[in-house]
Chemist: 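Below is one structure. I have some questions about it.
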Number of protein chains: 2
Amino acid sequence: MGQTMHDHAATHDHGCGGAPEAIARAERLCRERDLQFTRLRRDVLAAVAGQTRPMGAYDIAEALSEPGRRVAAVSVYRALDFLTEHGLVHRIASRNAFVSCGHSHTDGAGLVFLICRNCGTIDETTSPEVEDQLGRTLAKAGFRPTSRILEVEGECGACLGRSAEE
Amino acid sequence: MGQTMHDHAATHDHGCGGAPEAIARAERLCRERDLQFTRLRRDVLAAVAGQTRPMGAYDIAEALSEPGRRVAAVSVYRALDFLTEHGLVHRIASRNAFVSCGHSHTDGAGLVFLICRNCGTIDETTSPEVEDQLGRTLAKAGFRPTSRILEVEGECGACLGRSAEE
DNA sequence: TGTTGGGGTGATACACTGTAACACTCGGGC
DNA sequence: GCCCGAGTGTTACAGTGTATCACCCCAACA
């Protein structure tokens with residue numbers, strides 16, 4: 001995708017292993033739940049999973065379009081709706097963009113997104129401790145949560161190391 | 001403004017005390033830091049602080065416009081940039097909307113937004129414990145944070161109580 | 001007094017993000 | 001064959017945010 005500068009993506013890899021693994025996982029999940037893993041959904045997932053940086057819906061549409069096939073943004077949104085609904089991709093609210101999910105995904109709880117403001121990559125971790133404390137805080141406030149987003153912006157370890165060695 | 005259905009806002013009030021307090025705080029802060037608290041900025045802050053629900057930039061523009069004065073969204077965005085930069089209002093990323101800050105604001109750390117999916121009000125709390133655990137998690141990941149957003153959607157205490165008594 | 005320069009604002013235009021509505025296809029069941 | 005539902009294509013549009021330029025005001029300063 002006409003992109004330089006993320007050769008280190010292979011070293012990073014946040015546990016997802018890239019597009020093939022993500023697709024295999026999705027196929028399995030759709031079989032289990034009797035869902036349709038159509039070509040469009042597969043292609044959208046592949047496009048997102050092939051990047052460590054978040055992709056906008058229109059980026060995806062453009063990436064999938066080629067002479068002979070024009071993928072409209074609407075279709076991409078529908079596919080993304082499906083994929084997010086089943087936890088295969090996540091929406092990054094602070095960027096209006098999407099990343100493929102790295103975890104074998106127990107239940108979507110306690111997710112933390114680490115967004116590097118330098119290289120743009122997004123890492124995904126979970127923290128039961130944070131989740132635990134947050135649950136306590138919410139209970140104290142008398143608030144019953146249904147979903148939560150936790151996104152941190154800053155500098156990732158790779159970029160910190162790179163700037164330190166200069 | 002021109003809004004029904006939030007009569008309970010007075011009972012809620014999340015510690016901010018409404019628009020007058022928010023404006024007094026802003027005036028003080030701007031004096032201290034030698035910043036200009038212009039009419040537009042004051043009006044935008046007043047509009048946002050007068051609501052417990054988040055307002056979109058275009059809502060604000062419309063609320064401030066009247067025969068004889070037309071406030072363009074662009075101007076609102078500029079005022080909002082100023083206000084968020086100095087911690088007087090916060091952006092709710094999951095809603096593309098803005099709320100006035102309720103805290104006398106030490107440093108913007110550890111903020112948690114509680115968004116009620118029923119009544120739409122937004123409460124704001126801080127949790128040092130969550131903050132602490134999150135800091136630990138980030139350190140473990142080798143990530144240096146510069147900003148973070150933590151937004152929880154669910155049902156607020158008031159709505160839970162109201163639905164329970166039926 | 002004039003003028004110069006910067007911050008704030010107004011206005012228009014535009015890019016990006018997301019949704020509504022409707023038509024079409026395709027496959028399965030009757 | 002017909003119907004029906006899910007998925008997709010297409011167009012149009014609403015909502016969100018930014019770029020750009022012109023203007024005003026006011027303070028600084030010659």
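On a predicted model such as this, the values are computed, not experimentally measured, just so you know. The chains referred to below are lettered A, B, ... by the order of the sequence lines, with proteins before strands, and numbering in each begins at 1.
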Chemist: Base, sugar-phosphate alone, or nothing: which one does R69(B) contact when heavy atoms must sit under 4.0 Å apart?
Modeler: nothing

Chemist: What closest approach, in Å, do E151(A) and S94(A) show between heavy atoms, and which atom pair accounts for it?
Modeler: OE1-OG, 2.6 Å

Chemist: Looking at dG7(C), does its base get a donor-acceptor pair with the side chain of R78(B) below 3.5 Å?
Modeler: no

Chemist: Can you tell me the distance, in whole Å, between the CG atom of D34(B) and the C1' atom of dG6(C)?
Modeler: 14 Å

Chemist: Closest heavy-atom contact between L45(B) and L88(B)?
Modeler: CD1-O, 4.1 Å

Chemist: Within this structure, what is the CG-to-C1' distance between L40(B) and dG10(C), rounded to whole angstrom?
Modeler: 10 Å

Chemist: Rounded to whole Å, how long is the line connecting atom CG of L80(A) with atom P of dG18(C)?
Modeler: 9 Å

Chemist: What integer distance in Å separates L83(B):CG from dG8(C):C1'?
Modeler: 13 Å

Chemist: Pick from I122(B), V99(B), L83(B), I149(B): which one makes a side-chain contact (heavy atoms from CB on, under 4.5 Å) with H90(B)?
Modeler: V99(B)

Chemist: Rounded to the nearest Å, what distance is computed from the CG atom of residue L64(B) to the C1' atom of nucleotide dT9(C)?
Modeler: 14 Å

Chemist: Between dT17(C) atom P and D81(A) atom CG, what is the distance in whole Å?
Modeler: 16 Å

Chemist: Going 5' to 3' along DNA chain D, which nucleotides are the first and last within contact of chain B (any atom under 4.0 Å from a heavy atom)?
Modeler: dT16(D) to dT20(D)

Chemist: Reading DNA chain D from 5' onward, which residue's closest nucleotide shows up sooner: V74(A) or F82(A)?
Modeler: F82(A)

Chemist: Measure CZ/R95(A) against C1'/dC16(C) and give the value in whole Å, please.
Modeler: 15 Å

Chemist: Which whole-number value in Å describes the distance from N96(A) CG to dT17(C) P?
Modeler: 6 Å

Chemist: State, with a plain yes or no, whether a side-chain heavy atom of S127(A) is found less than 4.5 Å away from one of L134(B).
Modeler: no

Chemist: Yes or no on side chain to side chain contact (heavy atoms under 4.5 Å, CB included) for Q36(A) and R41(A), after CA distance, side-chain angles and deciding distance?
Modeler: CA-CA 9 Å; Q36(A) 299 189 43; R41(A) 291 171 180 175; 4.0 Å; yes

Chemist: Does the side chain of Y77(A) get closer than 4.0 angstrom to OP1 or OP2 of dG18(C) through an N or O atom?
Modeler: yes

Chemist: Using heavy atoms to find the nearest nucleotide of DNA chain C for A97(A) and A79(B) separately, return the residue whose nucleotide is more 5′.
Modeler: A79(B)

Chemist: One thing to verify: whether R148(A) and E131(A) come together as a salt bridge, which I'm taking to mean a side-chain N less than 4.0 angstrom from a carboxylate O.
Modeler: yes

Chemist: With side-chain contact (heavy atoms from CB on, under 4.5 Å) as the test, pick out the partner of V71(B) among V44(B), L64(B), I60(B), D43(B).
Modeler: L64(B)

